[in-house]
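Some notes on the structure that comes next.
In this chain, numbering begins with 1 at the start of the sequence shown. One-based numbering, in listed order, for ligands and for the atoms of each.
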Amino acid sequence: MTTIGTRNVLITGGAGGIGRLMALKVAALGAGVAIWDIDEQRLPAVVDELKTAGARDAQGFVCDVSDREAVYRAATETTASFGAVDILVNNAGVVSGKLLLEIADEQIERTFKINALALFWTAKAFLPAMVERGSGHIVTIASAGGLIGVPRQCDYGASKHAAVGFDEALRNELRRSAPGVITTVVCPSYIDTGMFAGATTRFSRLLPILHEQDVADRVVKAIQLNRRQVLMPPLVRTVPLMRMLPVSAFDWIADFLGVTRSMDEFTGRVGTPAD
Ligand SMILES: NC(=O)c1ccc[n+]([C@@H]2O[C@H](COP(=O)([O-])OP(=O)(O)OC[C@H]3O[C@@H](n4cnc5c(N)ncnc54)[C@H](OP(=O)(O)O)[C@@H]3O)[C@@H](O)[C@H]2O)c1
């Protein structure tokens, strides 16, 4: 069991969506909370919210996690001003929602830089101190799209498969070299933050569009309980099992569940790079 109130937590993409809600949740538990976000204008208001919610300390840093040097700079700045990071939540993410042949090359690269490569830069920045202290926690917010390939998610899904693979390899590296440092991977299906606006579900009981607060609460609970994996809703847990079926049967089930048509009406958030 991890007592979050005594810890310093850093959340990337913490000025919006589930990042902000996770930040508020750990703030209410008394944690020190640092948030990184690309959105400079939203940061001060969220930092104020975190202080009001009960954070021991709350600080915001502008950082575009797609930029490796910016990540290293922000990490130095964060450690100097906020202190050592005990729990790193890699949450910032983007989606294009386009068919492969419609996605600009630069957008594919940007998706990978934010959803996959940034995990490496933040871990390389904060892991050495965690290893030295003999304790720490790295949380990767991946996606159910990191377990199953969905049309209009070639870039997003591949980057999230990378995120799932990153977590698993790191988890096993740390089990041997630094057992006090643990990882958690989070694979939710669609959440009502607006990032996936327009995405649909065929069976809303089996595969509901998740509520952002429920997801944020589940992730924070998983950190407290040192859970290594959060797959939600429960049906997502069957995906690895379904992979034992022939590919045609696996694809049939994905069609039947509506998964392969779930992005047909995707719009994404207006004003984002998905436009
Ligand atoms: N929403 C879903 O259905 C869903 C499902 C499964 C997994 N996830 C994953 O959950 C995570 C959070 O999703 P969400 O729905 O909360 O997203 P969101 O509402 O779009 O919030 C993401 C936050 O990250 C920020 N951000 C984007 N690019 C960034 C960058 N390069 N550097 C720093 N910050 C950046 C965003 O700022 P701007 O608003 O200024 O871009 C925003 O504040 C993502 O990794 C996503 O892939 C989401």
Are [X] and ligand 1 in contact, using a heavy-atom cut-off of under 4.0 Å?
X: K160; result: yes
X: R42; result: yes
X: A142; result: yes
X: R110; result: yes
X: I114; result: yes
X: C63; result: yes
X: Y190; result: yes

Rounded to the nearest 0.5 Å, how far apart are [atom1] of [X] and [atom2] of [Y]?
X: L10; Y: T122; atom1: CG; atom2: OG1; answer: 8.0 Å
X: I253; Y: T260; atom1: CD1; atom2: OG1; answer: 11.5 Å
X: E106; Y: K113; atom1: CD; atom2: NZ; answer: 10.0 Å
X: E49; Y: R42; atom1: CD; atom2: CZ; answer: 10.5 Å

Parallel, tilted or perpendicular: ring planes of F196 versus Y190, cut at 30 and 60 degrees: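 F196 and Y190: tilted rings.
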Does [X] approach ligand 1 within less than 4.0 angstrom via side chain, backbone, both or neither, non-hydrogen atoms only?
X: N115; result: neither
X: R269; result: side chain
X: W36; result: neither
X: C187; result: neither
X: S189; result: backbone

Tell me which one of [options] gets a heavy atom nearest to [atom].
atom: atom 12 (C) of ligand 1; options: T140, I191, T193, N91; answer: N91
atom: atom 27 (C) of ligand 1; options: G17, G93, G13; answer: G93
atom: atom 37 (O) of ligand 1; options: I11, D37, D39; answer: D37

Atom indices of ligand 1 within 4.0 angstrom of [X] heavy atoms, with elements:
X: I141; value: 9 (C), 10 (O), 11 (C), 45 (O)
X: D64; value: 30 (C), 31 (N), 32 (N)
X: V94; value: 28 (N)

Check: F256 ring centroid to F203 ring centroid under 6.0 Å: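 Centroid distance F256-F203: below 6.0 Å, so yes.
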Side-chain ion pair, R228 and D167, N-O less than 4.0 Å: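 Looking at R228 and D167, the cut-off is not met.
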Check ion pair D214-K221 (N to O, under 4.0 angstrom):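 Not counted as a salt bridge, because no side-chain N and carboxylate O are separated by less than 4.0 Å.
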N91 side chain to I141 backbone, donor-acceptor under 3.5 Å: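 Side chain of N91 to backbone of I141: no pair is present.
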Matching residue for T184 among Q229, R171, R227, H137 - test: side-chain hydrogen bond (donor to acceptor under 3.5 Å, both in side chains):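 When side-chain hydrogen bond (donor to acceptor under 3.5 Å, both in side chains) is applied between T184 and each of Q229, R171, R227, H137, only H137 qualifies.
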Polar atom proximity, I18 to ligand 1 (N or O, under 3.5 Å):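 Among all N and O atoms of I18, at least one is under 3.5 Å from an N or O of ligand 1.
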Member of V185, V139, I11, T12 meeting the side chain to side chain contact (heavy atoms under 4.5 Å, CB included) criterion with N90: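 Between N90 and the candidates, side chain to side chain contact (heavy atoms under 4.5 Å, CB included) is satisfied uniquely by T12.
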Matching residue for R110 among D64, D105, D155, D67 - test: salt bridge (Lys or Arg N to Asp or Glu O under 4.0 Å):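 Going through D64, D105, D155, D67 one by one, the salt bridge (Lys or Arg N to Asp or Glu O under 4.0 Å) with R110 is satisfied by D64 alone.
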